[in-house]
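Reading through the structure tokens given below for one structure.
Treat the numbers as computed from the prediction; the structure is a model and nothing was measured.
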Amino acid sequence: MLDVVCFGEILWDMFETRPRGGAVLPVAREYRRELGGAPANVATGLARLGARVAVVGGVGRDSFGEALVAHLASDGVDVRFVVKLPNRTGLTFVTRDEAGEPAFLFYRHDSADLSVRAKHVVPAMGRARWALVGSSTLMTRDLARATTRFLDVAERAGASLFVDLNVRAHLWPSRRAMERAIGELVRRADVVKASDADLRAVAGGAAGLGWLERHAPQATWLVTRGPGVASAIGKHGSIDVPAVRARCVDATGAGDAFIAGALATLVAARAVPRSASWSAPGVWRTALRAGHMMGKKAVSRPGAVAGLVDLGRARAVIESAAPRRESGAS
């Protein structure tokens with residue numbers, strides 16, 4: 001059985017390459033491609049941490065799609081559930097300001113990542129200890145139906161559900177549709193990860209924790225606040241762990257890397273709802289620590305997963321959460 005299966009977008013992020021010296025152009029002449037799409041980023045982070053992980057999503061039958069599948073497979077991600085479609089592979093162009101904060105220009109009209117349908121989802125895709133989905137797969141009717149189908153097969157297979165709030169209010173047809181769809185998703189969740197900005201966006205500027213209390217009262221919440229404190233709130237109580245100080249070259253994928261570290265910890269600890277480790281504060285403290293360590297790695301280089309290298313320390317922290325084997329009697 002897989003540890004985690006990640007459902008959603010797989011695409012290339014095209015990063016602007018700035019010339020050294022000289023004037024900054026409105027549009028760069030050179031770009032470098034890096035893996036993109038939150039589920040693909042999370043899957044790669046998990047695989048590099050040693051988890052058994054697969055990704056479910058669509059790529060085109062083109063050279064960009066072939067390169068994406070090869071990239072994921074080279075990191076140890078199981079790609080048997082990647083759906084190859086006649087649509088073009090999705091691309092996103094990324095520019096960054098001086099603080100490393102990205103701005104995105106999407107070239108994804110009818111792209112393969114948005115064209116996965118319910119008919120493409122088979123029961124084998126849900127056979128994992130954890131299923132991860134993000135709120136971005138709910139924005140179109142057909143992709144939302146595919147998401148629901150994936151949630152159903154994962155639930156029937158006994159997978160726990162990890163929901164990543166990735167709120168882009170301007171991409172939805174209406175705020176009401178966004179709030180309803182995301183609210184229904186998090187009601188099914190065992191863990192909801194959200195940044196403070198995501199919570200403000202989905203709650204319309206209101207207190208984000210109040211929105212979670214209304215829509216996901218049974219879930220554990222992982223709330224990040226950029227370079228500030230992250231919190232884990234659930235049956236174990238409330239735990240706060242400050243972020244690791246880091247120079248931010250590129251913030252793209254920082255949240256995805258955080259999820260990879262936190263979810264890898266839950267896998268290592270065998271922490272699922274109703275297990276003993278689920279209510280252990282130390283497990284969640286370790287999950288936050290590992291998430292911060294992975295986030296620091298992610299922001300160190302341009303690209304969501306380019307900085308996720310030399311992960312020995314993060315893996316050691318994660319493995320510390322594993323249940324200890326009792327020695328036999330002498």
Which atom of [X] lies closest to which atom of [Y], heavy atoms considered:
X    : Y    : answer
V42  : D256 : CG2-O, 3.6 Å
G261 : A290 : O-CB, 3.5 Å
E9   : R108 : CB-NH2, 3.9 Å
A254 : A298 : CA-CB, 4.0 Å
D198 : V167 : OD1-N, 3.2 Å
G60  : A112 : N-CB, 3.4 Å

Side-chain heavy-atom pair [X], [Y] within 4.5 angstrom cut-off:
X    : Y    : value
P302 : V249 : yes
P86  : R61  : yes
R301 : D250 : no
V186 : L212 : no
L143 : V116 : yes

_Which residues share a salt bridge (Lys or Arg N to Asp or Glu O under 4.0 Å) with D142, sequence neighbours left out_ = R117, R145
Salt bridge [X]-[Y], side-chain N to carboxylate O under 4.0 Å:
X    : Y    : value
R88  : D62  : no
R156 : D152 : no
R274 : D190 : no

I'd like to check the ring pair (Phe, Tyr, Trp, His ring centres under 6.0 Å) partners of [X]; sequence neighbours left out, ordered by chain and number.
X    : value
H120 : none
F7   : F150
Y107 : F93
F15  : none

_side chain to side chain donor-acceptor pair (under 3.5 Å) between S111 and N87, intermediate numbers included_ = CA-CA 5 Å; S111 56; N87 312 64; over 6 Å; no
Connected via hydrophobic side-chain network under 4.5 Å: [X] and [Y]:
X    : Y    : result
V94  : V299 : no
V153 : L185 : yes
L138 : V192 : yes
V55  : M294 : yes
I233 : W211 : yes

So, does [X] use its side chain to make a donor-acceptor pair with the main chain of [Y] at under 3.5 Å?
X    : Y    : value
T286 : A321 : no
H292 : V241 : yes
D3   : V53  : no
S277 : A280 : no
S275 : A271 : no
R33  : W12  : no

*Donor-acceptor pair between D75 and T44 side chains, under 3.5 angstrom*: no
*Side chains of S135 and N166: do they bring a donor and an acceptor to under 3.5 Å?*
no
_Derivation and outcome, side chain to side chain contact (heavy atoms under 4.5 Å, CB included), residues V272 and W130_ = CA-CA 9 Å; V272 293; W130 284 92; 3.9 Å; yes
Euclidean distance, [Y] [atom2] relative to [X] [atom1], rounded to 0.5 Å:
X    : Y    : atom1 : atom2 : value
W278 : S160 : CH2   : OG    : 6.5 Å
L161 : L132 : CG    : CG    : 8.0 Å
T92  : M14  : OG1   : CE    : 10.0 Å
H215 : E184 : NE2   : CD    : 9.5 Å
L68  : D113 : CG    : CG    : 9.5 Å
T224 : D196 : OG1   : CG    : 8.0 Å

*asked:* Ring-plane angle category for H236 and W284, please: parallel below 30°, perpendicular beyond 60°, tilted otherwise.
replied: parallel
_Test side chain to side chain contact (heavy atoms under 4.5 Å, CB included) applied to F162 and L222, step by step_ = CA-CA 10 Å; F162 193 115; L222 300 181; 4.1 Å; yes
_Criterion side chain to side chain contact (heavy atoms under 4.5 Å, CB included) on L2 and F81, from CA distance to verdict_ = CA-CA 12 Å; L2 293 163; F81 300 133; 4.3 Å; yes
_With E155, the salt bridge (Lys or Arg N to Asp or Glu O under 4.0 Å) member among R127, R149, R188_ = R188
*asked:* Determine whether I182 and W172 satisfy the following criterion, side chain to side chain contact (heavy atoms under 4.5 Å, CB included), listing intermediate values before the conclusion.
replied: CA-CA 11 Å; I182 296 178; W172 286 81; 4.2 Å; yes
Expected list for residues 304-320: side-chain donor-acceptor pairs under 3.5 angstrom, two or more places apart:
{"unit_1": "R315", "atom_1": "NE", "unit_2": "L49", "atom_2": "O", "d": "3.4"}
{"unit_1": "R315", "atom_1": "NH1", "unit_2": "R48", "atom_2": "O", "d": "3.4"}
{"unit_1": "S320", "atom_1": "OG", "unit_2": "V317", "atom_2": "O", "d": "2.5"}

